[in-house]
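If you're wondering where the values come from, they're calculated on a predicted model, not measured in any experiment.
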Amino acid sequence: MTQARVTASGIGSWPGTDVLESARTVMGELAHTDAVPHLVELPGRGPGTDLVGRGAALLVDMPVDLQPSGWRLVDHPGRDHSRAASMLTHDLDVFAETAEGWTGRLKVQAAGPWTLAAGLALTRGERSVVDRGARRDLADSLAEGLARHVADVRRLVPGAQVVVQLDEPSLPSVLAGGIPTTSGFGRLPAIEDPEAQEALRRVLAAATSAGAVETLVHCCAPDVPLALLRGTGTGGLALDLSLISQRAWEDLAAAVEAGVRLWAGALPTGAAATGGRLPAATEVANAVRGPWRRVGLPDADLLAVVLTPACGL
């Protein structure tokens with residue numbers, strides 16, 4: 001009897017600063033038909049390789065610069081914007097050389113529109129999420145830039161079936177009105193669910209129109225709005241399973257039954273992985289299989305699950 005192989009992938013961020021070595025490691029470990037290699041992110045290299053700076057490098061006609069308080073939208077591109085864009089281009093070129101001849105799924109990641117809106121400041125200093133026009137422009141600019149990025153990946157790795165992951169760690173706080181003001185003494189108003197859902201839908205649709213074969217939204221924060229994300233048209237949800245409550249598993253089951261693929265963050269990272277011991281394969285499997293069965297999902301559908309680390313490395 002042939003045993004089914006596990007589908008696995010990474011989340012995105014990676015330790016260290018060596019672009020070539022990280023690309024070789026990913027392709028060496030994940031270059032088989034049951035895995036999904038990914039373009040890793042190396043935030044240890046400094047500004048422009050962090051989540052918001054790298055995402056801002058994809059924006060079209062919305063340049064940024066770096067202030068002591070963080071990334072800010074500006075009128076004209078400068079050194080900071082050029083550096084972030086250049087590093088993204090370099091990383092993709094190196095990865096394409098390493099992945100030469102690859103045929104199969106290949107994943108790229110980008111900060112989603114709400115994490116960018118929460119992380120990018122307006123020229124006057126407040127976060128972009130406070131301004132309705134800025135929120136709309138960011139989503140549209142990201143949609144166009146992400147479509148170009150997908151086209152670049154398809155051109156550089158002709159055999160790749162591109163998978164696009166939107167990283168939205170700030171989304172729960174955006175919806176709950178939990179984003180602090182610049183002064184830190186207040187909180188910005190909450191964004192209504194329909195607006196949040198529509199912005200995500202536009203960005204995901206742009207990636208699909210550009211040739212992405214699959215999309216997913218990654219959120220490794222508590223209180224992930226699963227029902228909202230299910231309505232965006234995403235093909236998958238990447239979640240830290242240690243943060244998913246029984247009630248959330250019921251919402252997740254509804255998404256799975258509707259055809260949404262679970263990218264299960266079942267391998268602990270960060271503080272949860274300290275102590276010098278990685279969990280045994282059976283522990284990782286049970287972290288998925290136990291709650292999966294409790295909500296009544298069939299074992300046969302576990303074959304569609306992609307196993308990942310809980311969050312970035």
Counting only N and O atoms by type, is there a donor-acceptor contact under 3.5 Å from the side chain of R230 to the main-chain atoms of D251?
-> no

Following the transitive rule for hydrophobic clusters with a side-chain heavy-atom cut-off under 4.5 Å over Ile, Leu, Val, Met, Phe, Trp and Tyr, establish whether W263 and V108 coincide in one cluster.
-> no

In the single-linkage hydrophobic clustering (I, L, V, M, F, W, Y; side-chain heavy atoms under 4.5 Å), do L42 and L106 co-cluster?
-> yes

Donor-acceptor pairs are to be reported for all side-chain atoms of residues 284-295 against protein atoms at under 3.5 Å, with residues two or more places apart or in another chain.
| residue | atom | partner | partner atom | Å |
| --- | --- | --- | --- | --- |
| N286 | OD1 | R289 | NH2 | 2.7 |
| N286 | ND2 | T282 | O | 3.1 |
| W292 | NE1 | P298 | O | 2.9 |
| R293 | NE | D299 | OD1 | 3.1 |
| R293 | NE | D299 | OD2 | 3.2 |
| R293 | NH2 | D299 | OD2 | 2.7 |

Quick one: do L200 and L58 end up in the same hydrophobic cluster if we chain Ile, Leu, Val, Met, Phe, Trp and Tyr together by side-chain heavy atoms under 4.5 Å apart?
-> yes

Does any non-hydrogen side-chain atom of L239 lie less than 4.5 Å from one of L226?
-> yes

D152 and R155 ion-paired at < 4.0 Å | yes

For the hydrophobic clusters of this structure (ILVMFWY residues joined by side-chain heavy atoms under 4.5 Å, transitively), does one cluster hold both L39 and L166?
-> yes

May I ask you to decide whether R45 forms a salt bridge with D91, counting only side-chain N to carboxylate O separations under 4.0 Å?
-> yes

Side chains of T182 and E126: is there a donor and an acceptor less than 3.5 Å apart?
-> yes

Backbone of A118 reached by a side-chain donor or acceptor of R127 within 3.5 Å = yes

Are the side chain of S22 and the backbone N or O of V19 linked by a donor-acceptor pair below 3.5 Å?
-> yes

Is E168 reaching over with its side chain to a backbone N or O of V217, donor-acceptor style, under 3.5 angstrom?
-> no

Where the side chain of S128 meets the backbone of A134, is there a donor-acceptor pair that is under 3.5 Å apart?
-> no

When clusters are formed by joining ILVMFWY residues with side-chain heavy atoms under 4.5 Å apart, either directly or through shared neighbours, do L302 and W249 land in the same one?
-> yes

Distance, nearest 0.5 Å, that separates CG of L66 from CG of D50 = 7.5 Å

Would you call D301 and E257 a side-chain contact if the rule is heavy atoms closer than 4.5 Å?
-> no

Trace of the side-chain contact (heavy atoms from CB on, under 4.5 Å) decision for R136 with R202 = CA-CA 10 Å; R136 181 187 61 248; R202 295 202 308 275; 4.2 Å; yes

Less than 4.5 Å apart, any side-chain heavy atom of R105 and any of T7?
-> yes

Got C220 and I11 here, is their nearest side-chain heavy-atom distance under 4.5 Å?
-> no

Heavy-atom side-chain proximity of L175 to L228 below 4.5 angstrom | yes

Going by the side chain to side chain donor-acceptor pair (under 3.5 Å) test, name the single residue among R79, R72, H81, H76 that passes it with D65.
-> R72

Looking at side-chain heavy atoms only, is the closest gap between L59 and L142 below 4.5 Å?
-> yes

Note: E250-R247 ion pair, threshold 4.0 Å (strictly below) | no

Among K107, H38, Q109, which one satisfies side chain to side chain donor-acceptor pair (under 3.5 Å) with Q165?
-> K107

Inter-residue atom distance E198.CD - D193.CG, 0.5 Å rounding | 13.0 Å

Is it true that a side-chain atom of S173 and a backbone atom of I179 form a donor plus acceptor pair closer than 3.5 Å?
-> no

Should we say atom CZ of R187 is surrounded by more than 12 heavy atoms from elsewhere, each under 6.0 Å from it?
-> yes

Ignoring hydrogens and geometry, is there a side-chain-to-backbone donor-acceptor pair from R201 to G231 under 3.5 Å?
-> yes

For the side chain of T103 and the backbone of G159, is there at least one donor-acceptor N/O pair under 3.5 Å apart?
-> no

Please report the closest heavy-atom contact between A255 and L237, naming both atoms and the distance.
-> CB-CD1, 4.3 Å

Report the C-alpha distance between S183 and T181 in whole Å, list the side-chain angles of each, state the deciding distance to 0.1 Å, and finish with yes or no for side-chain hydrogen bond (donor to acceptor under 3.5 Å, both in side chains).
-> CA-CA 5 Å; S183 68; T181 59; 3.1 Å; yes

With distance as the sole test, does E283 use its side chain to make a donor-acceptor pair with the main-chain N or O of A280 at under 3.5 Å?
-> yes

Distance-only, no hydrogens or angles: does the T215 side chain make a donor-acceptor pair with backbone N or O of V164 under 3.5 Å?
-> no

